[in-house]
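Below: the structure, in structure tokens.
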There are 2 protein chains.
Amino acid sequence: MPVTIKDIARQLGISYATVSRALNNKYGVDPQTRQQVLETAQSLHYRRNDLARGLVKQRTATIGLIVPDITNPFYPEVARGVEEAAHEAGYSVFLCNTAWEQERELLYVRLLAEKRVEGLIIAPTAQTAETIETLLTGQIPVIYVSDTQNNLHSSFIAIDNVRGGYLATEHLIQKGYYPIAYLGALEDSLTNEERCTGYIQALKQYNFSEEPLLYIGSYHSQTAYQIMCERIAESNVPRAVFAVNDLFALGAMQAVREHGLRIPQDVAIVGFDDIPLASFPEIQLTTVAQPKREMGQLAFAMLQQRMTSPTSPPQRTLLEPHLVIRKSS
Amino acid sequence: MPVTIKDIARQLGISYATVSRALNNKYGVDPQTRQQVLETAQSLHYRRNDLARGLVKQRTATIGLIVPDITNPFYPEVARGVEEAAHEAGYSVFLCNTAWEQERELLYVRLLAEKRVEGLIIAPTAQTAETIETLLTGQIPVIYVSDTQNNLHSSFIAIDNVRGGYLATEHLIQKGYYPIAYLGALEDSLTNEERCTGYIQALKQYNFSEEPLLYIGSYHSQTAYQIMCERIAESNVPRAVFAVNDLFALGAMQAVREHGLRIPQDVAIVGFDDIPLASFPEIQLTTVAQPKREMGQLAFAMLQQRMTSPTSPPQRTLLEPHLVIRKSS
DNA sequence: AATTATATTGTAAACGTTTACGAAAAACAA
DNA sequence: TTGTTTTTCGTAAACGTTTACAATATAATT
């Protein structure tokens with residue numbers, strides 16, 4: 001029912017090939033007919049059908065971006081980075097949210113592949129690269145962001161999570177806090193694992209022989225809060241906690257403060273990500289910063305590189321983390 | 001280059017129509033051939049081309065969602081709502097960020113129309129419905145979310161912003177705070193205008209004859225902070241401020257606290273939206289709550305209704321706002 | 001005026017599906 | 001057996017573009 005290129009052609013009594021040429025202002029069409037085409041296109045409210053166009057051109061100028069949780073301020077930030085760079089380069093982006101469900105992540109990969117996106121940027125929920133790669137069989141280039149995927153043949157851009165975890169923990173150690181707990185999430189998230197590894201490394205490095213204190217829950221917004229509440233209830237509160245991300249840190253903060261304990265006098269807290277709120281006056285969360293927006297931009301740049309020359313070797317960028325010390329520690 | 005339905009047909013020595021039927025498990029294909037088709041599809045890593053499919057079926061099972069700022073925690077929340085509902089109904093969603101630029105909003109509308117999305121949900125940056133409607137000429141149903149667009153023939157779901165502004169201001173008045181400033185953004189945002197109207201109405205209602213105190217800046221993340229800093233610098237601080245949204249309120253809070261003033265003893269603050277952080281212990285922001293997730297879900301439900309019966313009259317839902325009183329006032 | 005070069009247009013195939021319609025084959029009934 | 005119904009499959013058109021190639025019209029050259 002919508003108006004097509006043929007309607008314009010019919011109205012003007014010319015062939016639709018000419019209309020197509022005029023619309024894409026190609027070389028070799030009379031300026032006058034072009035003008036006419038443009039005008040009647042306007043008056044008929046013509047809107048090009050990108051499905052048809054994509055089909056013949058074998059291009060969609062579209063990429064997919066898959067994130068685990070758009071509600072975590074970290075991701076919108078990198079999303080904006082990606083989106084800006086993509087837009088700059090004439091691409092539009094499909095943004096998908098997996099809600100930390102692996103199954104959904106794979107579903108979206110399939111879906112986006114079927115929509116013929118030209119590239120994919122994924123902030124994975126878990127170690128799922130293997131599955132994704134076999135799913136795509138190299139048809140569509142992928143960049144993993146904020147996760148190394150431990151995978152030798154995939155491209156990624158991420159921060160050195162192990163080092164970040166190490167820095168955070170070292171800082172707490174040097175401040176003299178003890179014991180230090182690690183507040184994290186499901187083990188199948190590589191990010192979580194790595195940060196935890198950094199934590200353990202630091203403990204080892206500074207000769208703490210005791211077992212590391214691992215508080216592990218699901219990646220739900222309330223988990224950190226609940227876990228800390230439980231610990232407080234059983235008056236089993238660690239002197240400091242290093243949280244896998246700022247949202248967890250804030251959850252812990254909330255629990256601690258609601259129970260009348262003070263930060264950092266009673267409990268010190270450090271997070272990871274440096275979301276905008278971390279610097280807020282009454283929060284002042286010490287945290288490991290990530291250049292979120294830039295990571296997004298870079299991810300797109302890397303993807304573009306792989307889209308234009310798919311045979312080039314995978315690129316792997318590991319950024320150096322940077323500890324921002326504030327009042328919470 | 002990617003494998004098509006014909007490759008499967010060729011390999012099995014059958015026609016590609018049969019392959020199509022098998023793949024879409026339609027009635028009337030031998031179970032055995034179907035099995036074979038499925039198997040070779042798998043082994044060849046076949047992936048259906050949704051461009052071609054959409055072209056012939058005249059359906060894409062895709063909608064567009066346009067928001068002004070994915071970085072403002074309000075929007076991810078409604079985005080999740082629509083995404084969930086859409087996913088439930090078998091639709092995928094294109095999420096686009098306009099960065100509060102009207103031009104970009106229109107660009108995305110065009111782009112999405114060209115991609116043949118079946119519906120559009122827009123959280124508009126301004127009073128742009130008129131333009132959008134003429135752009136789309138009724139080809140694609142649109143639901144405006146969180147903004148009434150003042151427009152008699154468009155569908156929307158929003159909160160009663162005037163009433164919300166009124167409630168917030170009334171609350172501050174009844175607490176005895178005076179003077180009360182309104183901290184808002186560009187005037188071409190209807191949301192902003194309406195909340196401001198509510199503010200003024202409340203002042204009138206309670207017989208404040210003075211001019212309303214309007215602090216207006218751009219929709220940038222730092223504006224609220226800067227405006228308040230200036231006021232403080234010139235020691236011209238209002239007793240209370242009602243901010244157009246929680247992000248602005250937080251910016252004001254930050255400025256106030258950084259200058260050693262206390263909330264609410266020196267300056268009372270109320271916001272709008274009730275983003276997750278508003279309830280945080282050391283923030284405790286009084287605010288006008290919006291059912292964000294639900295608004296998203298409802299928006300999709302409304303859209304679906306309009307997609308299935310495009311001739312039905314536009315739907316207009318105005319939700320009742322609800323004041324959440326916390327310690328900031 | 002005839003010839004050649006150039007600018008403009010039309011024809012038709014292609015992109016990868018779905019699907020109406022008819023043909024063939026298989027199953028059933030007589 | 002033959003006829004009839006049912007199941008399975010193939011042919012071809014359609015979706016709305018782009019584009020190589022051929023055809024025509026126009027302009028330039030001699």
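Every chain is numbered from 1 and lettered A, B, ... according to where its sequence line falls, protein lines coming before strand lines.
Between the CG atom of B:Asp30 and the P atom of C:dA25 there is a distance of 15 Å, given to the nearest Å. Rounded to an integer number of Å, the gap from CD of B:Gln36 to C1' of D:dC9 is 14 Å. Here the C1' atom of nucleotide D:dC15 and the CG atom of B:Leu55 are 4 Å apart, to the nearest Å. The distance from atom CG of B:Leu12 to atom C1' of D:dC9 is 13 Å, rounded to the nearest whole Å. When the P atom of D:dT17 is taken as reference, atom CZ of A:Arg116 falls 20 Å away, rounded to whole Å. Straight-line distance from the NZ atom of A:Lys6 to the P atom of C:dT11: 12 Å, rounded to whole Å. Rounding to whole angstrom units, CG of residue B:Leu23 and P of C:dT19 are separated by 13 Å. The CD-P distance, from B:Glu114 to D:dC15, rounds to 20 Å in whole Å.
Using bins of under 30°, 30° to 60° and over 60° for the plane-to-plane angle, the ring pair A:Phe94/B:Phe94 lands in the parallel bin.
Side-chain proximity of B:Ala17 to C:dT18, C:dT19, C:dG10: nearest is C:dT19. In this structure, of C:dT8, D:dT18, C:dG16, it is D:dT18 that holds the atom nearest to the side chain of A:Val56. Side-chain proximity of A:Arg53 to the nucleotides D:dC9, D:dT17, D:dG10 is greatest for D:dT17.
Nucleic acid contact class of B:Leu51 (heavy atoms, under 4.0 Å, all strands): none. Within the nucleic acid shown, B:Lys26 comes within 4.0 Å of sugar-phosphate atoms alone, with no base atom in reach, counting heavy atoms only. Residue-level contact check: B:Thr4 touches the backbone only, with heavy atoms under 4.0 Å from sugar-phosphate atoms and none from bases.
Distances shown here put a side-chain N or O of A:Gln58 below 4.0 Å from the OP1 or OP2 atom of C:dG16. Phosphate contact (OP1/OP2 of C:dT11, side-chain N/O of A:Ser15, threshold under 4.0 Å): absent. Remark: B:Tyr16 is not in phosphate contact with C:dT19, judged by side-chain N or O atoms under 4.0 Å from OP1 or OP2. Distances shorter than 4.0 Å separate some side-chain N or O of B:Thr18 from OP1 or OP2 on D:dG10. A sub-4.0 Å separation between OP1 or OP2 of D:dC9 and a side-chain N or O of B:Thr33 is present.
In summary, the side chains of B:Thr40 and B:Ser43 do not present any donor paired with an acceptor at a separation below 3.5 Å, with no hydrogens or angles considered. In the model, B:Lys26 has no side-chain atom that pairs as donor or acceptor with a side-chain atom of B:Ser20 under 3.5 Å. For the residue pair A:Glu39 / A:Gln35, a side-chain donor-acceptor distance below 3.5 Å is found, with atom types taken as modelled.
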Using the salt bridge (charged side-chain N to carboxylate O under 4.0 Å, His left out) rule, take A:Glu84 and A:Arg80 through it: C-alpha gap first, then chi angles, then the decisive distance, then the call.
CA-CA 6 Å; A:Glu84 273 165 18; A:Arg80 283 210 54 175; 3.3 Å; yes
_Using the rule given for salt bridge (charged side-chain N to carboxylate O under 4.0 Å, His left out), can you reason through B:Arg293 versus B:Glu83, listing the C-alpha separation, both sets of side-chain angles and the distance that settles it, and then say yes or no?_
CA-CA 10 Å; B:Arg293 191 80 67 103; B:Glu83 211 258 354; over 6 Å; no
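With DNA chain C read from its 5' end, the first of the two nearest nucleotides for B:Asn24 and A:Tyr27 is the one closest to A:Tyr27.
The base of D:dG10 sits within donor-acceptor range of the side chain of B:Arg21, with an N or O pair under 3.5 Å.
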